[in-house]
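What follows is a single structure, written as structure tokens, with notes after it.
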Amino acid sequence: MTILGQIGAAAFSVFIFINYGFLLAGSMARIRARVQGRIGQPVYQPYIDILKNNARRTAVHHGVMFFLGPVFRLAGGLGTFLFIPAILNSPLFANFSFSGDILLVMYFIFFGQLGMALGAGQSGHPYSPIGVSRGLAQMSAFEMPFILSVLALAIKHNSLSITAIVQAQQGGIANWSMITNPLAVIAAIIAFLGMSMHNPFSVVIAPQEIPIGPPTEYHSGLLGMLQTNRSIFNAAKLVLYVNLFFGGASATEGVLYALSASVLHAVPVWLGVTLGVVTMVIKTFLLYFITVFVGVSFPRFRTDQSIRFFLFVPTLIGLAGLFLARL
Amino acid sequence: MIIQIIVSVGALLVLIGLWGLLTRRNLIKMIIGFSIMDTGTHLIIVGLGYREGATAPILDSSITPGTHFVDPIPSALVLTAIVIGLAVTALMLAYAVRLYSSRGSALIEDFKENAL
Amino acid sequence: MNPLIALAVLMGTAFTMPLFEKAGLKPARLIFLAALTLLLVISGGILVNLLNGAPDLEVATAGFKAPFSINFRIGLAEAAVWSAAALVLLIGGSYMIHREEDGMYDRMLYLVLALGVTGLILTRDLFNLFVFLEISSIAVYGLIGRGGERSLQAGFKYMIAGGISSILFLIGTVFLYRLTGTLNIDGMAAAAGSGSLAGTVGASAVFILAISMLIELKPFPANGWALDAYQEAPSGIGALLSSAQASAVFIAFTKISPLFGDRLAAVLGGIGMLTFFFANLMGMRQKDEKRMFGYSSTGQIGLVIFAWFAVRGTGMPETAAWFIVGGLLLTHLFAKAGLFWLSGLADKSKGEGGNGFLHKVLPSALAGIFVMSLLALPPFPSFFAKMELVKLLVTGGSWWILTALFLGSLFEAAYLFTWLVKKTKAECTDGGADTVNGDSLVVGKRAGPDILTDSPAAEVSSLLKSSTSLWVVIPALALGGLSAAWAYMAGVFNVIAMAPFAAALLMLLLAFLPGRVRGFLAVLVSAAAAWWIWPRTEGIDQIFAMLFLGGGSLNLFAGLYRKDRRPGFWAFSLMTVLSLGALVLARTPLEIFMAWEVMSVGAVLIALQGKRAAGPARTGMLFALGGGYLLMTVLMSIGTTTVLSPAVAAILVVIAFLSKSGALGLHVWVPGSYAEADNDATSLLSSVISKAGIWAMMIFSIRILPGIYGLDGPELWLQAFNSGPFSFLSGILGWIGVLTALVATIVAVFQEDIKYTLAWSSISQLGYIILAFSLFDHFGWTAAIYLSINHFLFKAMLFLAITGVIYRVKTRLMYKMGGLIAPMPITFITVLIAIIALAGVPPLSGFGGKWLVYSALIQGGRPVQAALAMFSSGIAFLYLYRLIHSIFLGQRKDDSLGIKEAPFWLILPQIVLIALIMLISAFPTVILKPIIAAVGELMPAVIGFEGSTLMSAIGYWNGSWVMYVTMGVFMIPLVLLLIGTGRKTRKVKQFNIVFAAERPYRPETTHYAHNFFAPYRKALGSLMNPLGRKFWEGSAGGVTAVSSAFRRLYTGNGQTYALHIVLFTMAAALFAGVFA
């Protein structure tokens, strides 16, 4: 594929998953509202928010870094997504995953967070660094079980390449990491709760006490950029998790593919890719549902509590998973 | 035989002097102890140079080939040693006087303020 | 010329001094000095003759040949010590005349002392020896007592001890005469050879003689009187007592030593070592500096005695023996005399209303030379001598003695270095560094460095005025000459090995030039060295040489931002940078050790230039020296395959290098030294010099350590580390590395002082490098080297940027800063890029390091270490964000409103570094290909490039594409912002924030910066327990307690001292088997 082709494919892939991210956020908000006994917002509310925010005039700023914060953030989200192969065996959704392996993705996640934290810092609002302080502290803690589970997979499959890890999980649910190394997956899921910043780990953006944590000073177009990132970044994380732990989605394999293959003689490429995307959507939706489920069920940890939490039981589970992988 | 006696007496004097040096607290008495040691040493030196039945080592007409005379070198040594001992004793006494006049005390334990 | 003339002239002048005194003070002094000059001329002439190959000079007296008369013999050793003593006597005479009251009797006694010293050195007749001993003793008694009432007390105690000693001497002499029939020492030795000293009487006589001479040499514990004397005697007399007189007695002692049997020799040698150990142990608690020098003197003489008997036992040739003994003795002679004089001069100048003068350039340099030479640091003769001595001990497997030697040396280093620091630094009265109390850390007005307060002209003129200060230069010059001679004899007198010293000397000599002129010179020299070394090295040598010299040059350039003269900084920085070059080029064990020692001591000296660096630098010095001793032990065991087991050798080497790199447990000196050093110097220390430990570990792994056991070879050495005798290291080093990385990172999170943050960060980064190194495979070492280079880049950027910040805001506490992005945008960009790189965030080069380390660890089967390393790199974000936010973002403080961007001199290196880091980020092949190739020459390659993608067995990374993609996704929103929403905005004022509809009160209350990670402290603060520091402080406390306990031995009572002598004699007799 030519460079231009690659860029085009990446743009398409980003477009699909951004929209998925919007819809996911909208639907989850609605589910949450229903659990709490409200009617809730329409599923398309995120689109309205984005449009509204971008339509508004951005009147004031606090300096260059303040401007660059959301840019970093969005670039971080896009980049993270682009370094992950979204659908296996589909050049259209392979993104730029040839640039690096899982280590690259894990560290590129920080790119946006760091830039955002810097931008927020320049706003001069004390709540921003407080939120950043909490976020960083919590992040460093939930990294531990996540790292352990990723390493468990890397050892199990003797590869750090996401593509290779997904490939190794093809051929039925029995090959999924979820089954082959349940401990690692449990650790990773707990880490995911921290990553998603829902309850009980929501103190970072602290919806009650601190207006919205780091992005306090951001408004209109800049805030829109942050919201856009939230959807793509969410999608990227979900895709990564599904790839690593739940068999990913393939354009040439899988239950849906098998079903359509049993109906059609030859599954056309476009259908295979579509089925892959659908598989991915279903899996990520279910995965995300876990966080929502936990989020509406539990109260909130203080930062120091969540640090101690992550570094104790989930870390031990992760270690156990690591040893399970080495067996 | 006489050599042993002289040397033993000398050694005894050295020990007595040493005992005095170690037990007397008065500076002057310590110096006296030192002098006794010195004297004992001189006795030892002279004693060791002695030859029984020998004459003085002076070349004069009484010396004939085959005459034994005492070893002259210890005698020479002892002279030097006496002179040096004298000098040291004098210096010690001078110090003792100076110390006494500075402090009004001649006890050795009153002069230990520069320890540590 | 006949040496008898010297004796005659000295005696004649002494006794005619009253006559000259009648003619006036000036003629009397002139004659006095003339006599001493003549002594120097005669002794020097004889020395030159002997050096030119003349045979030993025999002088008979009274017209008869020995043994019928007293005879003198002057060999090279005698001539050398004699000339040295004469030189010291001449300077001392001048010192006495100019600096202390010189009565007629003082001059007479002084000349008599010179006479005694000369006779002691020259005579070969035992009784004559006694006479000269007494002559010098009486002179010393008299001279000691000149210092007032307390010195009288000391003199009296000295006399009691001397009296006992002389009586013993006489008794021993006369018995020996009786048994051998001669007073000639050589005749006695011959008689002893033929057995006439066998038997109890003979043995007792020899013992008594030996012990009487030994007492004159002030052995532990029978030396309380000597310490009192050193303390109370005037400095000038202390100088002579310690140098000329002690050396002369020692030479006399060596003359009678052929009489000693093996057992006696062993006991005497043992006493020497005990003296060295205990004197230095007790010196640690000493406050009075003259008494402290006294401890050091007795210790040094003890060491010389030990060395004498140690070399005697091996039967090595005369020249080799004197190479060791003479090296130690002559160094002590000049250095200790110089120290006593300097201390006396400083006291005088204090008395005249000055504040001491040792903090000025020349005196402090002199004091430094004297102390460093006593600590046996290169290039002084004592260094080479001690090396050889250690070699003897290692060869003989005398581990306990070696331990005592090293511990004693460390103790001595502790107190001498403390003294040096205290005297040469004007401001260190305010105790240790208090990092919590913010106000005390304010840097204050930039008044230039401590050791230079006058203008150059005033400095020179004040030197010329006080000619005695110049006199003290002479012992230093003598030490310099001796150094050259010893280096020549040791075979390291070449350009590469000597360049660091020459550079330091040059820089100090040019101290009168403006700072920037010398700075430019230093940069030029260092850059030229880099240029020169490039074609002369290859492989990893070349990579590290460029890191050391290139990086060093860059850092030196940054040092130009300060206009003041900084004599110490330029001298020691250049010395250290050049010694790094010498280290890379060194091949023989001696060259390696020498360069290593210069480098590690140089680093401490650089750190020492900081205002409040005294305490940390002292700790650093002890670690540098201690590590050096371990290294010396291993290097000296080369060629003696059986003495050290491979495991022990490896552990010693590793401890040495890890203490340099600051690995956990051995790190205690690092944070303080880095933090308290001058800000630009910290950059040099952290970014460049800290890599020396890594390089040395590699070189020792490849060549030296396996070489000791014959395992050096392309395949063999690697095998030795992977499955052979050294394989245990890999795991241990790995855990040390990862724990260092983790704990240091966590500690860094909680620092309020920016320099402490970065210092701990350096420690943790070194932990990663050690971790990568510990893999001992192609992947790991590639990672280690890549990390080293990266650490250089981003840590230099950070420290230089921070230097600029501290220079402008005058504080090191982060929460006192804030909002500096506006006045210092370039510095901000530097810090931003550096922290992105340090954090390992793609697309910058730091990620390459992370990728390499983790992949290497996973591939090497160490997932737990990989996980911990990743965890700690996550924590690194915390302090990095805190750093950049607290300084550059948030609310700007009122007192930083008027500040400007950092000076050009700091900005330019930062821009170069940014360019470099961007280059290797976008094109990792530029740097990784050479590294992979260089490491590939050492071991089988397991990673390599396919196109621009770096492939390992388990993963891949294409740095260029990561850069392209990142740039792409960064540009899209940026362009959107620029053409869209961002266009018509305006920047609001500082306090215009959504603050509950209120206006914040003050920036201080709005800038969230102090105790930034409070929850983290609550959760993990317990990990901050400074176990390492507690351990070392506890050890130090234990040592000082023991030191205090032993010091109670010295009650100050002259009678007790006499008792000590008696008991000591009896104990020695017991050990020597005299009663058997």
Side-chain angles (χ1 to χ4, degrees), chain A residues 54 58-63 65 67 70-71 74-75 78-79 82-83 96 98-101 103-104 107-108 110-111 114 117-118 121-126 129-130 132-134 136-137 139-140 143-144 147-148 151 154-155 158-161 211 216-217 220-222 225 302-304 307-308 322, chain C residues 819 821-822 832 836 839-842 847 850-851 854-855 858 863-864 866-867 870-871 874-875 877-878 881 884-885 889-891 949 954-958 961-962 965-966 969-970 972-974 977 980-982 984-988 990 992-995 1006-1008 1012-1013 1015-1016 1018-1020:
Chain A
N54 280 315
T58 308
V60 296
H61 70 96
H62 292 277
M65 205 61 220
F67 257 126
V71 175
L74 185 52
L78 289 170
L82 286 178
F83 290 131
F96 294 102
F98 58 85
S99 303
D101 47 31
L103 293 174
L104 174 68
Y107 272 87
F108 201 80
F110 297 131
F111 184 83
L114 185 69
L118 291 173
Q122 205 189 12
S123 72
H125 201 294
I130 288 174
V132 172
S133 159
R134 294 173 171 187
L136 283 174
M139 174 214 67
S140 74
E143 278 284 298
M144 191 76 224
I147 290 165
L148 286 169
L151 289 182
I155 288 169
N158 195 28
S159 178
L160 288 164
S161 155
T216 301
E217 283 286 303
S220 48
L222 298 168
M225 221 177 252
R302 280 200 317 268
T303 313
D304 57 306
I307 292 167
R308 261 178 274 178
L322 195 57
Chain C
I821 183 174
L832 177 64
I836 291 177
V841 173
F847 172 72
K850 303 281 180 201
W851 185 88
Y854 303 144
S855 303
I858 296 165
V864 179
M870 288 171 95
F871 175 53
I875 300 175
F877 277 98
L878 273 66
Y881 178 72
I884 196 165
H885 170 264
L889 305 175
Q891 297 287 351
T949 306
I954 55 170
Y956 56 94
W957 166 56
N958 188 325
W961 261 103
V962 174
V965 172
T966 312
V969 292
F970 191 80
I972 294 164
L974 184 64
L977 195 73
T981 46
K984 285 185 199 148
T985 56
R986 66 190 169 86
K987 190 171 185 310
V988 291
Q990 184 173 4
N992 196 338
I993 54 177
V994 192
F995 200 66
T1006 318
H1007 189 49
Y1008 181 79
F1012 197 85
F1013 292 106
Y1016 219 72
K1018 196 169 175 190
L1020 294 182

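A, B, ... follow the sequence lines: proteins, then strands. Residue 1 opens every chain.
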CA sep, side-chain torsions, deciding dist, call: A/His61, C/Val988, side chain to side chain contact (heavy atoms under 4.5 Å, CB included): CA-CA 6 Å; A/His61 70 96; C/Val988 291; over 6 Å; no
- prompt: Side chains of A/Val132 and C/His885: closer than 4.5 Å at any heavy-atom pair?
  reply: no
field: Among C/Trp957, C/Tyr956, C/Phe847, the one residue meeting side-chain contact (heavy atoms from CB on, under 4.5 Å) with A/Leu103
entry: C/Phe847
task: Could you grab the distance from atom CD1 of C/Ile821 to atom CE of A/Met65, nearest 0.5 Å is fine?
output: 6.5 Å
- prompt: Closest heavy-atom contact between C/Pro973 and A/Ala75?
  reply: CG-N, 4.5 Å
- request: Please report the closest heavy-atom contact between C/Pro1015 and A/Asp304, naming both atoms and the distance.
  value: O-CB, 3.4 Å
- prompt: Measuring heavy-atom distances to chain C, does A/Leu322 have an atom under 4.5 Å in its side chain, in its backbone, in both, or in neither?
  reply: side chain
- prompt: Does C/Thr949 reach the side chain of A/Phe98, with side-chain heavy atoms less than 4.5 Å apart?
  reply: no
- prompt: Quick one: are A/Leu136 and C/Tyr1016 in side-chain contact, heavy atoms under 4.5 Å?
  reply: no
- prompt: Contact part of A/Glu143 toward chain C, heavy-atom cut-off under 4.5 Å: side chain, backbone, both or neither?
  reply: neither
message: Counting heavy-atom pairs under 4.5 Å with chain C, which one of A/Ile155, A/Asp101, A/Leu74 comes out on top?
response: A/Asp101
Structural part of C/Ile875 lying under 4.5 Å from a heavy atom of chain A: both
- request: Could you have a look at A/Ser140, A/Ser161, A/Pro70 and say which one has the most heavy-atom pairs with chain C under 4.5 angstrom?
  value: A/Ser140
query: If you look at every heavy atom in A/Ser99 and C/Val965, which pair is closest and at what distance?
result: OG-CG2, 4.3 Å
statement: Per-residue tally against chain C (heavy atom, under 4.5 Å) across A/Gly79, A/Gly124, A/Ala154 peaks at A/Gly124
field: Contact summary for A/Leu148 and C/Ala867, nearest pair of heavy atoms
entry: CD2-CB, 3.5 Å
statement: From the list A/Leu82, A/Leu78, A/Ile307, the residue making the most non-hydrogen contacts under 4.5 Å with chain C is A/Ile307
statement: Rounded to the nearest 0.5 Å, the CG atom of A/Leu118 sits from the CG atom of C/Leu832 at a distance of 6.0 Å
task: Could you tell me the separation between the CZ atom of A/Phe67 and the NZ atom of C/Lys987, rounded to the nearest 0.5 Å?
output: 11.0 Å
- prompt: What distance do C/Gln891 atom CD and A/His125 atom NE2 have between them, rounded to the nearest 0.5 Å?
  reply: 9.5 Å
query: Measuring heavy-atom distances to chain A, does C/Ala839 have an atom under 4.5 Å in its side chain, in its backbone, in both, or in neither?
result: backbone
task: Classify the angle between the aromatic ring planes of C/Phe877 and A/Phe110 as parallel (below 30°), tilted (30 to 60°) or perpendicular (above 60°).
output: tilted
field: A/Leu151 versus chain C, the contacting section by heavy-atom distance below 4.5 Å
entry: side chain
Side-chain donor or acceptor of A/Ser133 paired with backbone N/O of C/Phe1012 under 3.5 Å: yes
- prompt: Do any N or O atoms from the side chain of C/Tyr881 and from the backbone of A/Ala117 form a donor-acceptor pair under 3.5 angstrom?
  reply: yes
- request: Let me know if A/Phe96 has heavy atoms under 4.5 Å from chain C in its side chain, its backbone, both or neither.
  value: side chain
task: Taking the side chain as every heavy atom from C-beta outward, state whether A/His62 and C/Ile993 have any pair of such atoms under 4.5 Å apart.
output: yes
- prompt: Measuring heavy-atom distances to chain A, does C/Ile884 have an atom under 4.5 Å in its side chain, in its backbone, in both, or in neither?
  reply: side chain
field: Atom of C/Pro842, atom of A/Leu104 and distance for their closest heavy-atom approach
entry: CG-CD1, 3.5 Å
query: Do A/Ser159 side-chain atoms and C/Ile954 backbone N/O form a donor-acceptor pair below 3.5 Å?
result: yes
Minimal non-hydrogen separation, A/Pro126 against C/Thr1006, with atom names: CB-O, 3.3 Å
